Amino acid sequence: MKAMASLLCPTASTLQHNLSTLCFSPLKPTTPNNLCFLTNRFKSNPARCNAFFGNIPEDMLENTLYLEQFPVVRSGLMQFQRFTGDLPDGQKWGFLVFAGFTWIYLTARPGVLIGAIDAYLLAPLQLVLDHFLGRRNLKRTDFLIGDRLGEGSFGVVYSGVVVPKNVEERVQKRGRGKSLTLDERFKQKVILKKVKIGVQGAEECGEFEEWFNYRLSRAAPETCAEFLGSFVADKTNSQFTKGGKWLVWKFEGNRDLADYMKDRNFPLNLESVMFGRVLQGLDSAKRNALIIKQIMRQIITSLKKIHDTGIVHRDVKPANLVVTKRGQIKLIDFGAATDLRVGKNYVPNRGLLDPDFCPPEQYVLPEETPSPPPEPIAAFLSPILWQLNSPDLFDMYSAGIVLVQMAIPTLRSTSGLKNFNVELRTCKYDLNKWREHTRLRPDFKILDLDSGKGWDLATKLISERGSFRRGRLSAAAALRHPYFFLGGDQAAAVLSKLSLSRK
């Protein structure tokens, strides 16, 4: 009976003996089967195995081969033993449960713990490093302005070059022009954005855009163009106005997705950019579908990464998706973005939006949401806010509009997209209902390929928010959609790289 009792509820000495004989004997190395057997015995006797927490001798913890392989685990167990040695078993379990829930809360989206590390450690380190490398000491004479690339409500975008130090004075006297950008001395190309002066909200928007670019350069650098910094013009000269702020990025491409979509040959005009070559053995419809799928995969992957940091872009559209020479799709123009981890650039009842791509709720958070409290408090409460409202779904609607616009040629024009939105509102944002009643005569061939998986994804992105402010796929859920499962676009990209490397 005593032997049976020792098996059903082992004491500390019995447990030590079993551990040494079953798993940790030098004559019998530890195996997965030994560990599973030991684990099962613990599970079968959870109520009264007091030796597991309170009575394990320290020499046993130090001498086991298993724990010696994991010094961090061993150290943690020993610290836990010292801290809770005098507590009853119930309090020990309560402590563990509390610690577990605290860890889950601090690491849940949008990441209170990671955000604190970024704000109080990484951001100051980046500031010191940038000053040491001279990145925060940019000035007007470091750059030459080239062609004007575009203009928005709050800024004008130009191409440009970095002026080498040894030719700086001579170049500044020559003025600007395309010939200078082709000069062999100017090897580093840049994109510059001039923040408009005298336009209400422009200066504030520029400050926010700078902040978000620095933030993402630390948290998700692959999602956006490499940010080089900013400067304030010290005098009025050519395109420069004294006191005007300029933002500078490394040149990664001067054409955005909207530029490519204006071409009648879209999306085939992106085939060689995305895959490095023309896809062989496929008809044009399947080639088009693979190109669009690759673009959407990159867009949604980037959105997932910025959403994981608590940032919502709020202005996802083709004009804000730059296409690099390597076929990468990168987000630009974060002037309307908001960081809901700390409430940065968030004001209730106010939103900067494009009506052609904005979801029906119009605001990233419900209108009754109060103004954010001080940043530390906002950060601590942000997981609750995120779980209750799913603000990332704001961007996912816009991503759905980009998908249908790429796949349906009649929606690529400004008038076609506006008519689509009018009809969609009439159908209460039910894409299937819109398909039955539309007068636009759209071509659904690309979305209907592969048993209509593209169309199904579009319907799950372009929709009203459901109950509990859910509905609509998140970025993570969208990447798990069957539309992306087969990965034909990824296979084509890999094969293209392999074929190019062999040449």
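Quick caveat: nothing in here was measured; it's all calculated off a predicted structure.
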Are Trp211 and Asp339 linked by a side-chain donor-acceptor pair shorter than 3.5 Å?
no
Indicate the atoms forming the closest heavy-atom contact of Thr369 with Tyr346, along with that distance.
CB-OH, 3.4 Å
Stepwise side-chain contact (heavy atoms from CB on, under 4.5 Å) test for Leu257 and Met406
CA-CA 10 Å; Leu257 186 59; Met406 289 193 296; 3.9 Å; yes
Has Arg465 got a side-chain atom pairing as donor or acceptor with Asn389's backbone, closer than 3.5 angstrom?
yes
For Ala336, does its backbone N or O pair with a side-chain atom of His313 as donor and acceptor, under 3.5 Å?
no
Strictly distance-based, threshold 3.5 Å: is any side-chain N or O of Asp392 a donor or acceptor partner for the main-chain N or O of Lys304?
no
Could you tell me whether the side chain of Gln298 and the main chain of Ile329 form a donor-acceptor pair under 3.5 Å?
yes
Salt bridge (charged side-chain N to carboxylate O under 4.0 Å, His left out) between Arg314 and Asp395, intermediate numbers included
CA-CA 6 Å; Arg314 293 201 293 186; Asp395 283 342; over 6 Å; no
What one should report as the nearest heavy-atom pair of Ser398 and Phe357 is OG-O, 2.8 Å
Asn213 CG to Leu228 CG distance, which is reported to the nearest 0.5 Å
10.0 Å
Interatomic spacing from CG in Asn320 to CD1 in Ile299 - rounded to 0.5 Å
11.0 Å
Does the pair Trp103 and Leu113 meet the rule for a side-chain contact (heavy atoms from CB on, under 4.5 Å), with working shown?
CA-CA 9 Å; Trp103 177 259; Leu113 181 60; 3.7 Å; yes
Test of understanding: with side chain to side chain contact (heavy atoms under 4.5 Å, CB included), list the residues that count as partners of Lys460, not counting sequence neighbours.
Asp456, Leu473, His481
Is any side-chain heavy atom of Val190 less than 4.5 Å from a side-chain heavy atom of Val162?
yes
Does Lys344 come within less than 4.0 Å of Glu207, counting only side-chain N to carboxylate O?
no
Supply the atom-to-atom distance Lys317 NZ to Ile401 CD1, rounded to the nearest 0.5 angstrom.
13.0 Å
Test item: Lys325 and Val273 side chains (from C-beta on) under 4.5 Å apart, heavy atoms:
no
Side-chain donor/acceptor of Asn421 to backbone N/O of Asp356, under 3.5 Å
yes
Minimum heavy-atom separation for Gln200 to Phe154, with atom names?
O-CE2, 3.4 Å
Evaluate the criterion ring pair (Phe, Tyr, Trp, His ring centres under 6.0 Å) for residue pair Phe231 and Phe143; output intermediate values, then yes/no.
CA-CA 11 Å; Phe231 66 90; Phe143 305 98; 5.5 Å; yes
For residues Asp130 and Tyr214, report the shortest heavy-atom separation together with the two atoms involved.
OD2-CE2, 3.9 Å
Asp450 side chain vs Lys453 backbone, donor-acceptor pair below 3.5 Å:
no
State, with a plain yes or no, whether a side-chain heavy atom of Leu331 is found less than 4.5 Å away from one of Leu303.
yes
N-O pairing of Asp308 and Arg109 below 4.0 Å:
yes
With no hydrogens and no angle check, is any side-chain donor or acceptor of Ser474 less than 3.5 Å from a backbone partner on Ala477?
yes
Whether Asp430 side chain and Cys427 backbone form a donor-acceptor pair below 3.5 Å
no
How far apart are the C-alpha atoms of Lys330 and Val322, what are their side-chain angles, what is the distance that settles it, and do they pass the side-chain contact (heavy atoms from CB on, under 4.5 Å) test?
CA-CA 5 Å; Lys330 296 198 173 186; Val322 68; 3.7 Å; yes
Has Gln126 got more than 12 heavy atoms of other residues, nucleotides or ligands less than 6.0 Å from its CD?
yes
Interatomic spacing from CD1 in Ile191 to CZ in Phe251 - rounded to 0.5 Å
5.5 Å
Side chain to side chain, Pro360 and Tyr397, heavy atoms closer than 4.5 Å
yes
Distance under 6.0 Å and angle within 45° of the ring axis: does Lys293 meet both against Phe484?
no
For residues Leu321 and Ile332, determine if any side-chain heavy atom of one lies less than 4.5 Å from a side-chain heavy atom of the other.
no
Taking the side chain as every heavy atom from C-beta outward, state whether Ser230 and Lys245 have any pair of such atoms under 4.5 Å apart.
yes
As an exercise, state the distance from CG of Leu403 to CE of Met296, rounded to the nearest 0.5 Å.
4.5 Å
Thinking salt bridges, do Glu464 and Arg472 make one under a 4.0 Å N-O criterion?
no
Could you report the tightest heavy-atom contact between Leu340 and Val312, atom names first, then the distance?
CD1-CG2, 4.1 Å
Side-chain donor-acceptor distances from residues 220-227 under 3.5 Å, at least two apart:
residue : atom : partner : partner atom : Å
Glu222  : OE2  : Lys305  : NZ           : 3.0
Thr223  : OG1  : Ala220  : O            : 2.7

4.5 Å side-chain heavy-atom contact, Asn345 and Phe212
yes
Testing the basics here: between Met396 and Leu461, what is the closest heavy-atom pair and its distance to 0.1 Å?
O-CB, 3.8 Å
Is Thr338 close to Ile311 at the side-chain level, that is, under 4.5 Å between some pair of heavy atoms?
no
Using 30° and 60° as the class limits, which term best fits the ring planes of Trp455 and Trp434: parallel, tilted or perpendicular?
parallel
N-O pairing of Glu203 and Lys196 below 4.0 Å:
no
Can you measure from NZ (Lys193) to OH (Tyr158) and round to the nearest 0.5 angstrom?
12.5 Å
All N/O donor-acceptor pairs, side-chain side in residues 370-385, below 3.5 Å, sequence neighbours left out:
residue : atom : partner : partner atom : Å
Ser382  : OG   : Ala379  : O            : 2.7

